[in-house]
Amino acid sequence: MPIPIRQIILLLCLLTVAPLAMAQSAPTSASPLSASVDQLRQQYTKSFPVHSQLFNGPEYVDYARRYPNNIGHQFFLLPEPATGSVFYNDHYFPNLQLVYDIVLEQVVLQQPGSPLRLRLVNEKVRSFSLADHHFIRIEADSSSGAVIKTGFYEVLVDSAVQVVAKRTKQQKDRIYEGKTRLEFTPADKLFLRKEGNYYAANSRSAVTRLFADQGKEVQKYIRANNLKFRKGTRETDIVQLTRFYNGLSSH
C-alpha cells in the first residue's frame with residue numbers, strides 16, 4: 001500500500017532526527033523508526049525522481065526566438081534536449097534532459113512534463129555529460145589564466161596529456177529584408193594539458209613542440225597517417241596524434 005503523501009512530507013523531519021535518535025539508542029537490530037525512515041525515503045525517491053535542488057535556478061529564456069529566420073542556433077549539437085547527467089552541488093544526477101547554450105555558457109535543464117527550462121548555477125556544476133560528450137569545469141588560476149579561461153570544456157582525450165575543447169559560437173546580428181536575425185558561427189578552441197600546464201593547440205607546430213621529446217616518432221606518425229591539421233580535420237588529427245603520443249610515453 002502506498003504511503004500517504006502527508007507522511008512523505010514528514011520525511012525531511014524524520015531524516016533529520018532519526019539518525020540522532022538511532023545513534024543514541026544504538027539498537028542491535030533495525031528499529032521500527034529506522035524501517036519507517038527507509039520506507040519513506042524509498043517512497044520519496046519514487047515520487048520525486050529529480051532532486052529539488054536542481055530546480056532552484058533561474059528560468060532560461062530562449063533569446064533567439066525573438067528573431068525570425070535565424071541562421072543556426074546557440075546550442076551544442078541540437079536545440080532539443082538530450083539525455084545527460086550532471087555533477088551538481090556535490091551530487092550526481094543521471095538521466096536528465098539537458099541542453100547546453102555555448103554562447104552564454106549555460107547548462108539548461110528541461111523540467112519533466114513542462115516546457116519550463118532552468119539554468120543551472122555554473123559555479124555548482126563540476127561536470128556534465130550530454131549525448132555521450134563529457135564536459136568538466138576548469139578553474140583558471142594565475143598561471144593558466146593567460147591561456148585558458150574559467151568555464152566548461154569538453155574532454156576529448158583524458159590521459160597523461162589531456163585534450164580539451166572550448167565549445168563556443170559567435171553570435172552576430174544580420175539585417176535581412178529589413179528584419180534582424182541572428183547568425184551563430186562555431187568558434188571552437190582546443191587546448192592541451194601537459195604536466196599540469198595548459199597550452200593552446202591551434203596549429204600543427206603548437207602541438208609538435210609539446211611532443212618534441214618523441215619528435216622523431218611523432219613526425220613519422222604524422223607522415224604515415226597523412227595528418228594535415230587543416231581546419232576541417234584539425235580536431236580529429238590532434239586527438240589522434242595525442243593518443244599516439246600518450247601511448248609512446250606510457251612505455
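All figures in this text were calculated on a predicted structure; none of them were measured in a lab.
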Salt-bridge present ([X], [Y]; N to O < 4.0 Å):
X	Y	value
Lys166	Glu105	yes
Arg181	Asp173	no
Arg117	Asp101	no
Glu154	Arg167	yes
Asp237	Arg234	no

Side chain to side chain, [X] and [Y], heavy atoms closer than 4.5 Å:
X	Y	result
Tyr153	Ile148	yes
Arg193	Val163	no
Tyr100	Gln106	no
Arg137	Thr150	yes
Phe211	Val161	yes
Val239	Leu190	no
Ile222	Phe229	yes
Gln110	Leu98	no

Keeping the roles fixed (side chain from [X], backbone from [Y]), state whether a donor-acceptor pair exists under 3.5 Å.
X	Y	value
Lys169	His73	yes
Tyr88	Val121	yes
Ser159	Gln162	no
Lys149	Ala140	no
Asp188	Thr168	yes

Atom OG1 of Thr233 and atom CD of Glu235: how far apart are they, to the nearest 0.5 Å? 10.5 Å
Please test Phe191 against Tyr198 for ring-ring contact (aromatic ring centres under 6.0 Å, His included), starting from the C-alpha separation and ending with a verdict. CA-CA 6 Å; Phe191 300 88; Tyr198 286 97; 7.4 Å; no
Side chain to side chain contact (heavy atoms under 4.5 Å, CB included) partner of Val107, chosen from Leu120, Leu118, Leu96: Leu120
Of Leu248, Thr242, Asn246, the residue whose pairing with Phe244 passes side chain to side chain contact (heavy atoms under 4.5 Å, CB included): Leu248
Glu217 versus Tyr245, side-chain donor and acceptor atoms under 3.5 Å: no
Return yes if a side-chain donor-acceptor contact under 3.5 Å exists between Asn226 and Lys228, otherwise no. yes
Closest heavy-atom pair and its distance - His134, Ile136: NE2-CG2, 3.7 Å
Check Arg204 against Leu227 and note the closest heavy-atom contact, atom names and distance. NH1-O, 4.3 Å
